[in-house]
Structures are given as C-alpha cells and as structure tokens.
Amino acid sequence: MPYANGDLHVGHLRTYVGGDTFARALRTLGQEVAFVSGSDMHGTPVAVNAWQEGVSPEEFALRHHEKYEETFPRFDVDFDNYGHTRTDANVELTQAFVRTLDEEGYVYDEEIAVAWDPEEEQALPDRYVEGTCPYCGAHARGDECDEGCGRHLEPGEIEDPTSVVTGNPAEYRTRSHKFFRLSEFEEYLGEFIARLDGTSNARNQPREWIEGELKDWCITRDLDWGIPYPGEEELILYVWVDAPVEYVASTKEFAESSVGSDNAENDESTANAAGAGSAGEGFDWERAWAEDGELIHVIGRDIIQHHAVFWPAMLRGVGYNEPRAILASGFVNLDGKAFSTSRDRAVWADDYLAEGFDPDLYRYYVVTATGFQQDTDFSWDRFQQRVNSELVGALGNFVYRSLLFAHRTYEGTPDSELSTEVRERIEAAIEDFEESVNEYSVRAIGQAPVELAQFGNEYIQQAEPWKLVDDDPGRAAQVIRDCVQLVKAIGVLAAPVMPGTAARLWAQLGESGSIEDRGLDAALEAPPANFDAPPELFERIEDDRVAELNEDLQARIEESAANPDADAREGSHEESDTAAETDLEPLTEGRIGFEEFQDLDLRVGRIEHAEAIEGSDKLVRLEVDIGIETRQIVAGLKQLHDTDSLPDQKVVIVANMEKAELFGVESNGMVLAAGEEADLLTTHDDASPGTRVR
RNA sequence: AGCGGGAUGGGAUAGCCAGGAGAUUCCGGCGGGCUCAUAACCCGCAGACCGGUGGUUCAAAUCCACCUCCCGCUACCA
C-alpha cells in the first residue's frame, strides 16, 4: 500500500508492477485471484505534513489517494479493488479485529512516557523531537543519536527536547496505552516463519525477532488522526494496525461490488488465490481470508517485519489464515543511492508517462532487471538499451517480421501443420512459465516471452523461409505457420508483464476477445487464418532522446546533492542518504553568457482566464495577455492554486518557448513558478503586460 | 553491535534452497553471414581462477566456519 504522503516514483511502482504481474500470471494458470490494495491514510507524517500545509489531514491524504488511484491504471496495475484505510469497510473491520483481540485477552493497558508539545497540546513521536544526546552531547533525534554516537534513545532520555515541527520545547507526559501481547505468539510465529514461502529476505529477516524475544506491541498513539480504539475514543490506533486490515477490507469491497471493477490502487498488494473460478462478483472474501484462501503479500523490503511478525500474529489472534508467501521487493536506486521524494531525486511516475513512454516498457524493464528481492539501479541508458535490444530487437522484431511475412505471402496463417520441434519448444516455455509462477519468480515470468522470441529469431533465420517460398513452398508454409504460432504463444506469455502489448499483439493476429481470458492452452491453439499487415509493436528509443532525459535527471540529482537538508522527515528508505554527498558547486557549474540569457524572451503577462484541464490533476489551461497578443498556456498549477484565484494575476512567462501539447491542449509559452509549491513569479510594481523581463 | 540481503568475464545479471563436465543472458569488443524484418536478425571468437581464507566431499560459484567491503532492518516514521 502506498502511504498517502507524496508523489509516486518509478521505485514505488516496482512493487506494484511486480504484484500485478504475478496476479495476472496466477490468472493465466486458471487461479481465482483478488488483487487488492489501498492507500494508507493515517499516521503521524500525514498529520504533520497536512498541518504544515495548512490543510486537514483528510484533505491531504485524500488528495494523494486520488492521485494514486488514477496513476496505477495508467501503468496497467489493475487492482480488483483499490480502497483506502478510512473507508467504512476498513474502519469497521479494523475495530472488529481489535475488539476480538481484546476479548481474547490479547490486549492490556500500560502507562508509558510520551513526548508532548504543551503549546499545541499534541503528542510528539520521538522522531519529531530533537535535542542533545545525553551520552555524547551531539545534536540528536528523540529516538536515536543520528548525528553523534548512533545510540538508540529511550523516550525521555534526550536532553533539552524540542519539537521538530513547531520548535516549541517538549516535555514528557505519562499516558496510558494499549499493548498487543505479541509475546504470546512467539511459538506460533516460529512455526509460521518456518513454513512461509516467498523471497528469502522476508523469510529470514524476521527470525532475529521471532527467535529472540518478542516485545509486546504498543498499538495506540496520541494523535487525532486515525481510527479510534473501539470503546475508548480518545485513543487512536497505530497506523500499522489498520493498514494491513485494509487488505481484508479491500477484498471485501471487491467481493461486494456487483462487478469486478477496474479500480486502481497502489500500496503493498495482496493476491488471494482460492481454488479455481472467475474473477469479479461473488468472490467469497471470508473464505479467502478465513478458510481455504491463500494469501500472498507483495511488499517493499523495508516493511518485512510488519508483514511477517505483527500482521500474522494479528491474523492468528482473530482466527484468520496466515500469509502463505511474502514477496519483498528490493529498492530502485539512482546511481546506487536511494530515491528521495523530498529532494526531487527521483524519476516520477508522472514524468515517465508525460514522456509518452508505453507503461509496458517500464514494466518489463523493472520486472526483469534483476531478481525481485534484489536492489537495482534505474538509468535511462539501461532502459534504452534493454528496450531496444530485447523488446524492439528481439520480441517486436520477431513478431513483426513473422506476421508481415505471413500476411504478404498467405494473407494470414498458412494452411500447414505445426512442426514437432516448435510445438515442443512452446510446451517447454509453458512448463517454464508454470514453474516460475510456482517459485514466485516474477523475473522469470517476465523473461518468458522474450526468450521465446529469441528462439523464434533463430528459428526463422536458420529456416530462411524467404528463400523457400520459391524452392519449397510446402516447407515455407510450415515454417511460417510455426512462426505465427510462436507469435501467439509469445502473446500469451507476455500478457502478465506487458498486458497492453499482449492485447495489441492479439489484435494483430486477428484474434477476438481478450487474451487475458484465455489460459496457457491458447498458446498452442491455431491462429486465425487471416489477418492484416501488422504495425510495429514497439518504437526504438533514440540516443538523442536519452541524452535529453539524462540531462534533466542529472540536473535534478546535482541540485538535490547541493541541497542536502531539504526535508529529513520522510520514510526511511526514501531518505537513507548519509550526509556525505555535499559537493557544493552549483554556482560555478554551467555558467552562461549574457547573449545566451538574451535568447530567453521573458515577458510580463496577465492571466485573463483559467480552467482546469479535464483528466489531469495538475494542469490548468490559461489565457494570458502579453500585450501584443493573448496566449494559451498550459501550466501545472491546479493542485496548488484555486483556478478561480488565477485570473488577473500577473505572471512572468517564457514567450519564445517551443509550443507543446499537454493532454491534447496546445501550450504556447511557459509560466514561471518556484518550486514544488508552484509559487508564481509576478512583478512587484505595475509593469504592463508585454514588458520584457531582463 | 546483532540480524538480513548482496559481492560471478569491461558493464549489468542468472545459477546457489534440491553440490557433478571451468558457468546464463543482455550490452560492449573482434570476425563472419543474411536481407523477410524497426541499421533490426543469425553465426563464431576473445574475455571470469564465481570477494578473501580455511573446511566438508570422489566432486563446491553452489554446503560449513571465519574475514573484508556495499545495502538494509533493529520494534512510538511509514
């Protein structure tokens, strides 16, 4: 589940794409699957960031939720249901879970020390307290001496505590909280972890806790943002209690929706496979969760303990099934270092799409780059290289040359039997595919279609049907029949990783219906006798394109490196850079001359009209008076400015910007604004529209 | 510090759980071929003593021990 606290980058997407690919692969094997997720809305960071932005946590979290919900389908991450942790379904289920745990005697009260901001009358998690380390005297965070000796600090230990948020002095108060008797599950969890399937990091990392001593778990917080503890409204449940319950709630919502809708979500994802059947209505969520369903969690590797320790104990406590497997994905890095949301050191999901790249390209790239649990680097160079060689050169080329040849010579599939050699090769590919799914090898699932295409290229090359057409027409027909069959099989195998591509391929073959509704058997069924000349499946990515992408990305990386203290308040894996990258030289790098500056035609403009662009969550269409004429300009301001407030604002625009088309709307110029907040540049006095800025 | 993950030809990776002919695939280098195909495709060659040390074994990249270096987790950030 994505945490409703920031934009999505391609690193986040890795986990969801992996889960989506795996869920689709399970369906291909005929399994009944519910692939569900939702936004994680609660918790301190949302509350704090909303407060800093001056909006309610609800509004803040919902805004991100809606963004995620819209983004996932654009990468073909098609959750059967994408909810969030504040839905009625989740609130009710979470409270029911907790009530049961309480009734079963798994919960008790205990008083603990809590840091407090007396002016705001607000509790402060230790992470939001800073002060002086009592051991080494260094400046430290409330829970850890992060800049000095590295020691873990207990609540109350730190000296001169102040709130990171308000700067107010903090004090410690004694509060009564609820504790979950995790320690009672020690034996159970030991057995559980021994039979858990999935990636080795998920199966091994929790052992330290489980085989050591399990501490009871504090499951409430002093916060006014979250789900209340049932019966004690002043206590709010810790986010990690209600977040995983959303997997159940989302499954329930899916089951109760009349038709399996194509909602999107992002977050860790859960696939339940329960026997065979069809997706959509009538899914028995209780059977999946409490009877014979099989639960598979696909998560990021930074939250293994939550899914392999706390969550199974909760499930056990309420009498539900335990996860059968946990797949914990590695991170996607840039130059070996973590993405950083707050420092804009990332390749954003939106940027990728705005470049016009097919989502399947990234899906394939990230799924097959390395084993699912391994970390990997993202770079446009490698992206280009693998897309051009494997997708364009191997898969796309084989499909194209085969179908084109077949169409020109036979107007479709030639009337000939499939050769034994090719039949056996396809059968082997199917077997490998099934084995990959059974071994939870998402990577191998992704590689299957390209491997078959590589075989296809060798096969057609060695058989040389273009020569046989005259010499041995019978043999030529046989070879092309084989190739068309290979194309069809490639489509079937490609559907989980590259659903869009597979659908296009299906259409090129003249097949009707959805490729996803067909099982693996379709790979060996005869292709249609007639089809049209095929269009190319993928486009090459050219070098100059990559050079541009690299420049943009490099500029951002350098900027973020020069700006190391942007925001220390992020999810840990987003922010794990140590302060070692402080190469301060942003001012000398890349100076430009006055003449180059003069190439920019900057003008004062006055916004005459502003309206949101439908379908985009950021873009606004503006009509800007620049004295000489009125320009239509598209700008990403919607989230940050009320469109009604824009008319009459004076702005600074780049008048000689190349025209561009965004969301189908022509943009003739560019409005200047500062930073993430899109703080509009304006004039201080009364310069009239059209005045040159220099 | 403890625990987990990783260290494989110039780069990127697979294989390790279920030990067995000196090892996969992609890019890059060198040399051929083909022309149906998006300067795509096919074939061949060069290049790794599989992080280090020691052990188990007839046999280890694969198992065990110790060590080095990266990344992560350690429970009131999610």
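No experiment lies behind these values; they were computed from the predicted model shown. All chains are named by letter (A, B, ...) in the order of the sequence lines, taking the proteins before the strands, and each is independently numbered beginning at 1.
Both A/Arg207 and A/Thr370 lie close to RNA chain B; mapped to their nearest nucleotides by heavy-atom distance, the more 5′-ward contact belongs to A/Arg207.
The aromatic ring centroids of A/Trp240 and A/Phe310 lie 6.0 Å or more from each other.
Picking from B/U38, B/C26, B/C76 the nucleotide with the shortest atom distance to the side chain of A/Gln454 gives B/C26. Nearest nucleotide to the side chain of A/Val239, out of B/A37, B/U38, B/A78: B/A78. Between B/A78, B/A75, B/G72, one nucleotide has an atom nearer to the side chain of A/Phe310 than all others, and that is B/A75. Distance from the side chain of A/Asn457 is smallest for B/C42 among the nucleotides B/C76, B/C42, B/C36. Each of B/G4, B/C36, B/C26 was ranked by its minimum atom distance to the side chain of A/Asn201; first place goes to B/G4. Here the nucleotide nearest the side chain of A/Leu214, chosen from B/C73, B/A75, B/U38, is B/A75. For A/Arg382, the side-chain atoms get nearest to B/A12 when compared with the rest of B/A78, B/A75, B/A12.
Atom CH2 in A/Trp217 sits roughly 16 Å away from atom C1' in B/U74 (whole-Å rounding). Rounded to an integer number of Å, the gap from A/Asp358 CG to B/U38 P is 19 Å. Between A/Leu486 atom CG and B/C36 atom C1' the separation is 16 Å, expressed in whole Å. Across the protein-nucleic acid pair, A/Glu536 atom CD and B/U38 atom P stand 6 Å apart, rounded to whole Å. If you measure from atom CH2 of A/Trp209 to atom C1' of B/G4, you get 13 Å, rounded to the nearest angstrom. Per the geometry, CD1 belonging to A/Ile326 stands 14 Å off C1' belonging to B/G4, to the nearest Å. The CZ atom of A/Phe372 sits 16 Å away from the P atom of B/U13 (whole-angstrom rounding). Atom-to-atom, CD of A/Gln385 to C1' of B/G28 comes out at 9 Å; the value is rounded to the nearest Å.
Between the side chain of A/Glu208 and the base of B/G2 there is at least one donor-acceptor pair of N/O atoms closer than 3.5 Å.
Per the stacking criterion (ring centres < 5.5 Å, plane angle < 30°), A/Trp466 stacks onto the base of B/C36.
Among the protein residues, A/Glu211 comes within range of no part of the nucleic acid, since none of its heavy atoms lies under 4.0 Å from any strand. Residue A/His306 is classed as a base contact, given a heavy-atom separation below 4.0 Å to a base. Within the 4.0 angstrom heavy-atom criterion, only backbone atoms of the sugar-phosphate kind lie near A/Asp375; the bases stay farther away.
Ring pair A/Phe185/A/Tyr188 is perpendicular by interplanar angle, where above 60° counts as perpendicular and below 30° as parallel. Taking the six-membered ring for Trp and thresholds of 30 and 60 degrees, A/Phe179 and A/Tyr108 have nearly parallel ring planes, at less than 30 degrees apart.
For RNA chain B, runs of at least 3 consecutive pairs of the Watson-Crick or G-U wobble type, with both hydrogen-bonding distances under 3.5 angstrom, map to B:1-7 with B:68-74, B:10-12 with B:25-27, B:29-33 with B:41-45, B:51-55 with B:63-67.
Of the residues in residues 467-480 of chain A, A/Lys467 come within less than 4.0 Å of RNA chain B through at least one heavy atom, sorted by number.
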